[in-house]
Protein chains: 2
Amino acid sequence: MLTSSQQQLLRVISQSGPSSRTVLAASMGLSKAAMSGIARDLISRGVLRETETIYGQGRPSILLDLHPEGAFFGGISLLEDPAPLVLSDFNGNIVARQTMPLSRDPDIIAEMIADTLPKLLAECKDASRKLSGLGIALSGFVDEKQASCVKSTLLGWQDVPLAGIIRQKTGIATFIENDAKAVAVSEKLFGNARDVQNFSVVSFDDGIGCAHFIGGKLYRGNHGGAGEIAHCTIEPNGSPCRCGKRGCLDTIASLKAIKETAKAEGLSCQSLDELETEASLGNAAAIRVLHRAGSALGLAIAHLIQFNDPGLILITHVEGRFDGLFGTVMQQAVEANVLPRYAGQTPIRTQRVDGDVWARGAASIAAHNFLIGPNPY
Amino acid sequence: MLTSSQQQLLRVISQSGPSSRTVLAASMGLSKAAMSGIARDLISRGVLRETETIYGQGRPSILLDLHPEGAFFGGISLLEDPAPLVLSDFNGNIVARQTMPLSRDPDIIAEMIADTLPKLLAECKDASRKLSGLGIALSGFVDEKQASCVKSTLLGWQDVPLAGIIRQKTGIATFIENDAKAVAVSEKLFGNARDVQNFSVVSFDDGIGCAHFIGGKLYRGNHGGAGEIAHCTIEPNGSPCRCGKRGCLDTIASLKAIKETAKAEGLSCQSLDELETEASLGNAAAIRVLHRAGSALGLAIAHLIQFNDPGLILITHVEGRFDGLFGTVMQQAVEANVLPRYAGQTPIRTQRVDGDVWARGAASIAAHNFLIGPNPY
DNA sequence: AACAATAAGTTCAGAAAATGAACAAAGCAA
DNA sequence: TTGCTTTGTTCATTTTCTGAACTTATTGTT
């Protein structure tokens with residue numbers, strides 16, 4: 001379909017953002033002449049397009065970028081019921097949305113997707129012709145090929161080859177991925193981290209997830225377990241965690257843990273926001289809870305910075321606020337626990353995201369496979 | 001000099017070890033026909049050679065590997081005085097060795113190297129013709145291009161463009177690197193991690209260093225600071241560290257810290273080995289010191305596993321033993337602090353290394369640049 | 001306003017590299 | 001022996017890339 005140079009060009013653009021032909025040629029080690037032809041071809045296929053014109057000395061350069069309607073990807077989140085199914089264009093815009101009932105049976109899931117997909121595609125002309133992949137986000141561990149779910153406590157799965165089952169039912173290339181990793185990919189391809197080669201996304205929710213991009217590529221780890229900061233020990237001999245050990249970050253700083261701790265402290269707060277309000281009114285118990293959680297999360301992030309020296313930490317959250325005590329304490333804990341020389345050198349951005357993050361993330365997994373493809377040398 | 005396919009072939013072989021032409025062709029996405037020519041050419045140039053013959057069904061396959069004498073690299077360690085200068089072949093064997101007095105003045109260092117290099121090359125015929133790069137290992141932070149030392153407390157440097165100075169004096173491509181990262185590279189290219197794509201090396205010495213290989217490439221981090229586990233906070237509000245914060249791993253588990261703690265505990269031990277002996281005789285203070293250090297190192301390594309899920313952790317040490325209480329406690333601490341599901345899944349190897357590790361590591365940095373080169377897409 | 005100067009992007013003939021298909025080579029299995 | 005299987009080679013053909021000259025679009029300068 002696409003030549004390897006064309007693939008490579010898409011890869012480079014998706015990794016370094018819109019660039020001129022000359023820049024792209026240089027960064028791919030090709031001549032301007034070769035780039036001219038490759039770009040012309042991809043533009044005529046509708047995959048690339050010219051966007052901005054940059055004026056400098058000499059003839060202005062024209063930036064090439066992915067064409068929003070060059071390819072479409074389906075994304076399904078298995079984290080909610082009903083499960084959302086979205087259709088994303090090449091820019092990460094959601095152009096169609098459906099839902100389907102969640103099931104734990106992979107065959108039923110596949111059938112549901114096969115049933116719902118036509119409805120989704122009907123919402124957007126062109127999309128069915130250019131549908132280039134499906135992505136599924138789920139809570140759990142996924143194998144290296146992004147084909148099989150090794151283990152999901154939430155879904156009660158062990159070694160379920162979900163991608164293959166769906167591919168068979170729908171005939172479309174399908175990839176599955178862990179929820180946090182899917183969000184990281186969507187931030188890289190479509191979001192706030194397009195031009196950052198090395199960064200980590202921390203997803204703050206009822207649980208805490210994390211994923212790393214290293215060298216412009218999702219780093220999954222040797223067993224798909226890279227980024228499992230939730231079960232990093234923060235309080236040795238702390239309270240027991242459902243994972244079997246003690247004092248995990250997850251038992252202290254996750255939204256669920258914060259709510260539970262608040263309840264145990266006799267507070268009646270139902271949400272992080274309420275807790276923040278209480279704390280701002282001087283409620284000592286609320287302050288204590290938020291302080292403990294913020295310090296814990298900050299310490300874990302500091303470790304992350306010390307260990308991996310990322311160019312950016314992106315904290316995504318659906319609920320909650322990061323501009324209150326919790327966020328402030330977290331920031332302070334980060335600063336206090338990284339090498340003073342590096343303190344403040346790693347930008348930490350918090351970003352509120354809507355409920356479709358997971359589905360959009362799932363779609364981006366398909367896009368990532370389309371663009372970056374299997375590990376090239 | 002070499003075509004990009006030839007470069008790529010060297011890269012693939014150095015990353016996945018000796019392989020047959022057919023396997024190499026497949027993993028590079030080329031036809032057998034193309035591989036045939038590329039391999040022939042590299043063999044005739046003396047860069048590759050045929051090694052083992054593997055018998056199976058059908059015609060046996062012949063493995064291709066780097067020719068030990070295909071290229072030579074110089075390596076200099078600025079961590080000792082006198083500084084060792086070694087000449088390494090393509091297999092990491094040290095074929096010649098010299099020393100030179102250490103200086104803090106980059107110009108004098110460059111001059112010393114230029115003076116000593118001819119003596120080194122004289123020890124091995126062919127080498128001067130095939131010398132393909134110089135590598136320098138030092139304690140401190142190095143910039144992305146491996147050209148400039150951003151900061152070295154030991155040498156008292158800040159933004160010293162050492163590589164350029166040496167290149168100018170010697171006319172040979174020169175790269176500098178942090179000590180731990182250099183060791184990691186030599187383990188990947190020449191040592192025990194040749195076939196592992198993702199691993200971390202922890203160098204245990206007077207200080208604690210660490211470096212990551214991710215996706216078959218050295219990961220340096222956004223400011224060259226990836227792997228700085230020495231200043232990860234292990235005991236919040238612990239004793240002050242020279243870095244400015246408190247409770248760093250370095251203040252608890254480095255060889256230096258262990259010796260100092262032992263002294264503060266009133267023990268007269270001069271080395272880790274003596275301390276182990278004392279502990280085995282039941283000396284409570286010795287046991288306490290080793291236990292604390294082992295737990296700390298184990299916890300840090302557990303974090304490393306949780307965060308990055310490497311395929312291997314390699315602990316290198318010049319002095320000391322890892323088969324005593326210290327090592328045992330460390331292992332236990334690792335097991336206790338990783339997700340139970342993953343406990344024991346990450347091999348941890350300890351490896352005693354000789355005093356030339358740094359110089360050999362430095363040489364491997366040059367080899368790494370020759371083989372893997374600047375970041376390709 | 002005319003005229004360099006500068007750099008981006010294009011064109012095209014020629015060079016380089018990769019492919020496909022047929023084939024030689026080196027074993028195993030029966 | 002005779003197939004069978006798989007590796008590796010050969011070579012004409014096709015694909016892809018390059019180099020050099022050229023066109024284009026702009027800024028800066030007289």
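Proteins get letters first, then strands, A, B, ... in listed order; numbering begins at 1 in each.
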Would you list the protein and nucleotides 24-30 of chain C atom pairs, both N or O, that sit under 3.5 Å from each other?
from	atom 1	to	atom 2	distance (Å)
C/dA26	N3	B/Arg59	N	3.3

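- If you check the side chains of B/Asn198 and A/Asn222, you find a donor sitting under 3.5 Å from an acceptor.
- Under the ring-ring contact (aromatic ring centres under 6.0 Å, His included) criterion, A/Phe370 pairs with A/Phe73, A/Phe90, not counting sequence neighbours.
- Around atom CD of B/Gln345, more than 12 heavy atoms belonging to other residues, nucleotides or ligands sit under 6.0 Å away.
- Rounded to whole Å, the distance from CD1 on B/Ile62 to P on D/dT7 is 12 Å.
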Sort me out a list of protein N/O and nucleotides 14-16 of chain D N/O pairs below 3.5 Å, or just none if empty.
none

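- Less than 4.0 Å separates DNA chain D from at least one heavy atom of each of the following residues of residues 32-44 of chain A: A/Ala33, A/Ala34, A/Ile38.
- One atom, CZ of A/Arg21, and another, P of D/dT24, lie 15 Å apart when rounded to the nearest Å.
- Atom CD of B/Gln351 sits in a crowded spot, with more than 12 heavy atoms from other residues, nucleotides or ligands closer than 6.0 Å.
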Show every donor-acceptor pair shorter than 3.5 Å between a side-chain atom in residues 43-52 of chain A and any protein atom, with sequence neighbours excluded, or say none if there are none.
from	atom 1	to	atom 2	distance (Å)
A/Ser44	OG	A/Asp41	O	2.9
A/Arg45	NE	A/Asp41	OD2	3.4
A/Arg45	NH2	A/Met1	O	3.2
A/Glu50	OE2	A/Arg21	NH1	3.2
A/Glu50	OE2	A/Arg21	NH2	2.8
A/Thr51	OG1	A/Leu63	O	3.4

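- Across all strands, B/Ser61 comes closer than 4.0 Å only to sugar-phosphate atoms, never to a base (heavy-atom distances).
- Atom-to-atom, CG of A/Leu24 to P of C/dT10 comes out at 12 Å; the value is rounded to the nearest Å.
- Per the geometry, CG belonging to A/Leu30 stands 11 Å off P belonging to D/dG19, to the nearest Å.
- The interatomic distance linking B/Leu9 (CG) with C/dA17 (C1') rounds to 15 Å, in whole Å.
- A/Ser4 OG to B/Met28 CE: the interatomic distance, rounded to the nearest 0.5 Å, is 11.0 Å.
- When heavy atoms are screened at a 4.0 angstrom cut-off, B/Thr22 is found touching the sugar-phosphate backbone but no base atom.
- Within the 3.5 Å criterion, the main-chain N or O of A/Glu177 finds no donor-acceptor partner in the side chain of A/Arg220.
- A 4.5 Å side-chain heavy-atom check between A/Asn192 and A/Leu312 finds every atom pair outside the cut-off.
- Remark: C1' of C/dA16 and CD of B/Gln7 are 17 Å apart, rounded to the nearest angstrom.
- Atoms CD1 (A/Ile54) and C1' (D/dT27) sit 15 Å apart, rounded to a whole Å.
- Below 30°, between 30° and 60°, or above 60°: for A/Phe199 and A/Phe213 the angle between ring planes is below 30°, a parallel geometry.
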Using a 3.5 Å cut-off and no angle test, enumerate the donor-acceptor pairs between side-chain atoms of residues 158-171 of chain A and protein atoms at least two apart in sequence or in another chain.
from	atom 1	to	atom 2	distance (Å)
A/Arg167	NH2	A/Thr174	O	2.9
A/Thr170	OG1	A/Ile166	O	2.8
A/Thr170	OG1	A/Ile172	N	3.2

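- Using modelled atom types, one side-chain atom of B/Gln6 and one backbone atom of B/Thr3 make a donor-acceptor pair closer than 3.5 Å.
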